[in-house]
A.B. asks: 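One structure, pasted below without further comment.
None of these values were measured; they are calculated from a predicted model.
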Amino acid sequence: METISTDKSRGWKNILKIIVPYFLVVGTFQLVGFYFAGLDINYKPKNETTKELFTLTFFSLIGTALIVWIFRKYIDKKSFKSLGFEKEFIGRDLFLGIIFGFLIMFIGFSTLLFSNQISFESIQFHPIEFISSIAIFIFVAIAEELFLRGYILNNLMVSFNKFTALIISSAIFSLMHAANPNFNLIAMAGLFISGLLFGLSYIYTKNLWFPIALHFSWNFFQGTIFGFNVSGKDTYSLIVTGENTSNLWNGGSFGFEASSLSFSFQILAIIVLYLIFKKRSN
């Protein structure tokens, strides 16, 4: 009995071990990013330019990949690939993730526009900004999914049942955005639900392709295409919109993620994805 208990405790213990090294390593790479972006160390990021954001997210991804690789190899003693990079279903999962993100944001944008919660102002197409935004949200999706789902959720499932592990990892995901601009309790609740949405497929497949694609699609269409703030940050967008009134219906200054509409769509998506991936696992 003692051996089983010790083995089950390995998951949450590995998470405790990585916390400090994660912030040290990623923080160091972010400082390097600050240097290459031409930012002062004392600068407090709020609304960076696309170029600055590209540099910062790139170095954050490198730092995250490095520390996760080290811990997966030397602490977990497993391959980096086993975090969720199996080739099976890769095409289907990438496509499904992008479609889900697009549909949620398109329906949300259309609903808010036709109900006069937001107003259309203009279209601004800048090729460099647009392409850079694609890269930025790819960097963000890979880094956050690699750490939160690939490492944190993976290890939590060693110690707890998959649903408890999903809830804990979603809470961690939400709290990791606490320093973002305009963060509040409603935003925290919205991000928690997003964590459930992003992680649901992983508890059945232990594969990262779908969460990475959905995370990218969610941020890209939310910010770059439809002009919402992304987790409180105002970034370049193809469609420029304005809020007629900042409220719970449209998410206010934090963005669509803090809206009641987003809550509803995400819960519906969670139900659909539960049925899809539970069927696949069976």
A.B. asks: Are Ile128 and Ile131 side-chain neighbours, meaning at least one heavy-atom pair lies under 4.5 Å?
C.D. replies: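 Heavy-atom side-chain distance check fails, nothing below 4.5 Å.
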A.B. asks: Just wondering, do Ile19 and Leu16 contact through their side chains at under 4.5 Å, heavy atoms?
C.D. replies: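 In contact.
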A.B. asks: For Leu24, which fellow cluster members are found when Ile, Leu, Val, Met, Phe, Trp and Tyr are connected by side-chain heavy-atom distances below 4.5 angstrom, either directly or through intermediates?
C.D. replies: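 ILVMFWY cluster around Leu24 also holds Val20.
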A.B. asks: Does Asn180 reach the main-chain N or O of Ser231 with its side chain, forming a donor-acceptor pair under 3.5 Å?
C.D. replies: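 Such a contact is found between Asn180 side chain and Ser231 backbone.
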A.B. asks: Ile225 versus Met105: any side-chain heavy-atom pair under 4.5 Å?
C.D. replies: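 A side-chain contact is absent here, since even the closest heavy-atom pair is not under 4.5 Å.
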A.B. asks: Under a 4.5 Å cut-off applied to non-hydrogen side-chain atoms, are Trp12 and Ile152 in contact?
C.D. replies: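 Counting from C-beta outward, Trp12 and Ile152 never come under 4.5 Å.
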A.B. asks: Go through Ile118 and Phe228 one step at a time and tell me if the side-chain contact (heavy atoms from CB on, under 4.5 Å) criterion holds.
C.D. replies: CA-CA 10 Å; Ile118 59 175; Phe228 296 109; 4.3 Å; yes
A.B. asks: Describe, in one word, how the ring planes of Phe254 and Phe183 are oriented to each other, choosing from parallel (under 30°), tilted (30 to 60°) and perpendicular (over 60°).
C.D. replies: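 The arrangement is perpendicular - the two ring planes meet at more than 60°.
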A.B. asks: When the aromatic ring centroids of Phe109 and Phe226 are compared, is their separation below 6.0 Å?
C.D. replies: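 Yes - the distance between ring centres of Phe109 and Phe226 falls below the 6.0 Å cut-off.
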A.B. asks: Indicate, with yes or no, if the rings of Tyr202 and Phe277 have centres closer together than 6.0 Å.
C.D. replies: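 No: the rings miss the under 6.0 Å criterion.
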A.B. asks: Would you say Tyr22 ends up clustered with Ile62 if hydrophobic residues are merged whenever their side chains have heavy atoms under 4.5 Å apart, either directly or through other cluster members?
C.D. replies: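 Linked, Ile62 and Tyr22 end up in one cluster.
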A.B. asks: Would you mind reporting whether Ser119 and Thr241 have side-chain heavy atoms less than 4.5 Å apart?
C.D. replies: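 Result no, sub-4.5 Å side-chain heavy-atom pair not found.
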A.B. asks: Would you call the rings of Phe59 and Phe36 parallel, tilted or perpendicular, where under 30° means parallel and over 60° means perpendicular?
C.D. replies: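 The arrangement is parallel - the two ring planes meet at less than 30°.
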A.B. asks: Please give me the minimum heavy-atom distance between Phe210 and Ser201, naming the atom from each residue.
C.D. replies: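 Shortest heavy-atom contact: CD2-OG, 3.3 Å.
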A.B. asks: Check each of Lys279, Arg280, Lys162 against Tyr204 using the side chain to side chain contact (heavy atoms under 4.5 Å, CB included) test, and report the only one that passes.
C.D. replies: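 Single side chain to side chain contact (heavy atoms under 4.5 Å, CB included) partner of Tyr204 among Lys279, Arg280, Lys162: Lys162.
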A.B. asks: Taking atom CZ of Phe58 as the centre, does the number of heavy atoms from other residues, nucleotides or ligands within less than 6.0 Å exceed 12?
C.D. replies: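 At most 12 heavy atoms, drawn from other residues, nucleotides or ligands, come within 6.0 Å of this atom.
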A.B. asks: Using ring centroids (six-membered ring only for Trp), state whether Phe85 and Trp209 fall under 6.0 Å.
C.D. replies: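 Under 6.0 Å, so yes.
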A.B. asks: Looking at every heavy atom in both Arg72 and Tyr151, which two are closest together, and how far apart are they?
C.D. replies: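 Smallest heavy-atom distance, with atoms named: N-CE1, 4.1 Å.
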A.B. asks: Testing the basics here: between Val25 and Gly63, what is the closest heavy-atom pair and its distance to 0.1 Å?
C.D. replies: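 Closest pair (atom of Val25, atom of Gly63, distance): CG1-O, 3.7 Å.
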A.B. asks: Are any of the side-chain nitrogens in Lys17 or Asp76 under 4.0 Å away from the carboxylate oxygens of its partner?
C.D. replies: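 Looking at Asp76 together with Lys17, the answer is no, because their closest N to O distance does not fall below 4.0 Å.
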A.B. asks: Which heavy atom of Ser170 sits nearest a heavy atom of Gly195, and at what distance?
C.D. replies: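 Taking every non-hydrogen atom into account, OG-C, 3.1 Å.
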A.B. asks: Under the side-chain contact (heavy atoms from CB on, under 4.5 Å) criterion, do Phe192 and Ile167 qualify, and how do the steps go?
C.D. replies: CA-CA 8 Å; Phe192 173 76; Ile167 290 170; 4.0 Å; yes
A.B. asks: Hey, is CG on Leu185 packed in by over 12 heavy atoms from elsewhere, all under 6.0 Å?
C.D. replies: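 Result for CG/Leu185: open.
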A.B. asks: When the aromatic ring centroids of Phe106 and Phe221 are compared, is their separation below 6.0 Å?
C.D. replies: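 Between Phe221 and Phe106, which both carry aromatic rings, the centre distance is not below 6.0 Å.
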A.B. asks: Is any side-chain heavy atom of Ser115 closer than 4.5 Å to a side-chain heavy atom of Gln117?
C.D. replies: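 Ser115 vs Gln117: side chains touch.
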A.B. asks: Would you call Lys206-Glu86 a salt bridge at under 4.0 Å N-O?
C.D. replies: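 Salt bridge: no.
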A.B. asks: Does the side chain of Leu56 come within less than 4.5 Å of Glu48's, by heavy atoms?
C.D. replies: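 They are in contact (side-chain heavy atoms under 4.5 Å apart), so the answer is yes.
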A.B. asks: Checking Val68 against Leu83 for the side-chain contact (heavy atoms from CB on, under 4.5 Å) test, could you report, in this order, the C-alpha distance in whole Å, the side-chain angles of both residues, the deciding distance, and whether it holds?
C.D. replies: CA-CA 10 Å; Val68 170; Leu83 288 170; 3.5 Å; yes
A.B. asks: Heavy-atom count around Leu103 CG within 6.0 Å, excluding the residue itself: above 12?
C.D. replies: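 More than 12 heavy atoms, drawn from other residues, nucleotides or ligands, come within 6.0 Å of this atom.
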A.B. asks: Check whether any side-chain N or O of Tyr236 sits under 3.5 Å from a backbone N or O of Gln124 as a donor-acceptor pair, and report yes or no.
C.D. replies: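 Yes: the side chain of Tyr236 pairs with the backbone of Gln124.
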A.B. asks: May I ask you to decide if Asn14's main-chain N or O and Asn155's side chain share a donor-acceptor pair within less than 3.5 Å?
C.D. replies: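 Flag not set: sc Asn155 to bb Asn14 has no pair under 3.5 Å.
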A.B. asks: Considering all heavy atoms of both residues, which atom of Ser169 and which atom of Leu156 are nearest to each other, and what is their separation?
C.D. replies: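 Taking Ser169 first and Leu156 second, the nearest heavy atoms are N-CD1, 3.7 Å.
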A.B. asks: Quiz question: by atom type and distance under 3.5 Å, do the side chains of Ser194 and Glu257 form a donor-acceptor pair?
C.D. replies: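 Not at all, the side chains of Ser194 and Glu257 share no donor-acceptor pair under 3.5 Å.
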A.B. asks: Are there more than 12 heavy atoms of other residues, nucleotides or ligands under 6.0 Å from atom CZ of Phe114?
C.D. replies: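 Incorrect, the count does not exceed 12.
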A.B. asks: Any donor-acceptor pair under 3.5 Å linking the side chain of Ser82 with the backbone of Ser79?
C.D. replies: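 Present.
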A.B. asks: How close do His215 and Ala141 get, heavy atom to heavy atom, and via which atoms?
C.D. replies: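 That would be CB-CB, 3.9 Å.
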A.B. asks: Looking only at the aromatic ring of each residue, does the gap between the centers of Phe130 and Phe125 stay below 6.0 angstrom?
C.D. replies: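 When the ring centroids of Phe125 and Phe130 are compared, they turn out to be within the sub-6.0 Å range.
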A.B. asks: Is there a side-chain contact between Ser60 and Phe29 in this structure, where contact means two heavy atoms from C-beta onward sitting under 4.5 Å apart?
C.D. replies: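 The answer is no; the side chains never approach within 4.5 Å.
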A.B. asks: Between Leu197 and Ile193, does a side-chain contact (heavy atoms from CB on, under 4.5 Å) hold up when you go through it step by step?
C.D. replies: CA-CA 6 Å; Leu197 179 64; Ile193 298 174; 5.6 Å; no
